[in-house]
Amino acid sequence: MPAPVADLVLTGARVIDPETGLDGVRAVGITGGAITSVGEVAPPAREVWDVAGQVLAPGFIDLHSHAQSTTGLRLQALDGVTTALELEAGVLPVAGAYARAEAEGRPVNFGFSASWTDARMHVLDGVPLVADASLDLFATHQSLPNWRGPASDRDVGRILDLLADAVGEGALGIGVLVGYAPDSGRAEYFRLAGLAARLGVPTFTRTRYISTAEPGTSLEGALEVIAAAAGTGAHMHMCHVNSTSTRMIDEVAGAIDAARVGGVSVSTEAYPYGAGSTVIGAAFLAPEQLPRLGIGPRQLTYLPTGERVADDRRLAELRATDPGGGVVVHFLDEEDPADLAVLERSFTLADTAIATDAMPLVASGGKPLVASGGAAAPDTWPPPPGLVTHPRSAGSYARTLRWLVRERGLLSLTEALRRSSLLPAQILEGAVPAMRRKGRVQVGADADLVVFDPDTVTDHATYTQVAPSSGFRHVLVAGTPVVRDGELRTDVLPGRAVRSGTV
Ligand SMILES: [Zn+2]
């Protein structure tokens with residue numbers, strides 16, 4: 001019987017599959033959006049691409065992307081991303097967010113968690129949850145008075161009911177920005193973990209504190225997550241351990257390592273930059289809080305104007321006039337060897353996924369790009385000039401391959417690929433069976449693939465300029481190239497929804 005004819009076969013690449021340990025030259029056949037062969041002999045195919053000299057690996061799965069505009073996701077595709085999930089902040093209502101993304105189309109696969117902060121803003125401050133949910137809700141309503149504080153027992157019940165309903169709609173877990181509501185109750189957080197355990201989904205926490213000053217240290221914030229996992233059995237995922245642990249990374253990493261040895265379900269992620277990014281109205285950026293972070297106003301760059309914030313008075317003014325405005329926070333100085341060692345420790349912590357925390361693009365004048373409806377700036381390709389965002393939004397994976405693998409030798413190529421693809425799939429697959437088909441170059445897996453040159457792949461985004469990565473020759477989503485010969489294709493939107501509980 002003749003071998004079936006594949007839609008496409010990629011020949012000559014060094015194929016790396018982190019799960020099976022395959023690392024050798026193979027031909028990879030793709031049919032109907034799935035991988036249908038991985039072998040030394042190429043099957044007959046309608047189309048053959050010679051990719052000799054390149055590495056072929058599973059496409060990157062970003063657990064932490066707030067860049068949910070078409071332009072933002074295209075920048076991520078050029079960085080090797082084939083699945084970009086909004087899990088830390090999340091959205092409400094979840095069904096509406098999926099419906100909107102499916103109606104508009106997305107260049108890469110997408111999925112959402114249920115947003116605890118949105119639920120709190122709704123229950124405690126009366127913010128309406130509009131049907132076509134977007135991530136803008138969190139930034140827009142920063143300054144409302146009640147959502148950061150303690151909630152009554154009855155209100156906690158209402159918040160948790162909203163989250164349970166959202167998981168029923170396919171949310172991939174519960175996003176918990178507890179660091180933005182540091183005065184919310186410990187009991188509420190613990191009850192939320194109990195809910196996640198009962199529903200069988202993970203939580204994705206931005207921990208309660210960033211500080212080395214007692215009380216309220218980064219370690220205390222991390223221990224709350226570990227204790228909730230230990231005390232409820234929930235799978236608790238800790239977002240960006242690099243930026244929330246900063247100079248307490250040794251203590252935090254030690255606690256996580258020991259908890260895991262004891263069977264506690266805590267997973268972690270990090271991004272390879274010394275600066276963070278958030279909204280300038282965040283509780284932890286209040287002028288009186290900055291010394292706790294070991295920084296002053298000058299370590300803040302207000303993105304809409306590009307200014308370094310001059311002093312406490314200017315910071316207070318910006319927080320009052322534009323609390324949802326984007327800001328880059330220079331926690332660690334990448335030029336300082338001691339700070340660099342702190343940052344690198346996040347990547348020697350075992351089983352820490354690479355996740356970007358990609359941020360929305362901000363146009364001059366400070367309006368974020370949104371996917372549709374009330375668009376403040378055109379969501380077009382190439383990105384309009386003058387846009388700004390944290391470079392992690394466009395360069396995290398290429399920077400990992402250039403800097404952590406090629407230049408620092410901190411991770412092997414296979415380990416970096418594992419942390420960018422298989423590991424995030426494994427973090428989710430207990431709750432999301434669809435992730436068992438991602439993060440692998442194996443027969444039956446989704447054909448979400450990257451083909452790149454390991455010697456030249458590199459990031460170009462900086463703190464002052466948005467620029468795509470280069471070196472990713474082909475990026476395929478469900479078998480469809482969104483990047484072909486290094487060029488973004490704007491005529492295809494092959495991204496598919498990823499939901500919990502569906503096979
Ligand atoms: Zn984030």
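Remember, it's 1-based here, ligands and their atoms both numbered in the order they're listed.
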Assert yes or no for the condition that the ring centre distance of Tyr271 to His64 is strictly below 6.0 Å. no

For residues Tyr180 and Phe284, establish whether the separation of their ring centroids is below 6.0 Å. yes

With a cut-off of 6.0 Å (strictly less than), are more than 12 heavy atoms of other residues, nucleotides or ligands near CD of Glu335? no

For the pair Phe472 and Phe452, name the ring-plane relationship: parallel under 30°, tilted 30 to 60°, perpendicular over 60°.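 Phe472 and Phe452: tilted rings.
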
How many protein N, O or S atoms are found at a distance of less than 2.8 Å from the Zn ion (ligand 1)? 4

Does either side chain, that of Trp116 or that of Glu188, offer a donor lying less than 3.5 Å from an acceptor on the other one? yes

Taking ring pair (Phe, Tyr, Trp, His ring centres under 6.0 Å) as the test, write out the residues that go with Phe347, two or more places apart. none

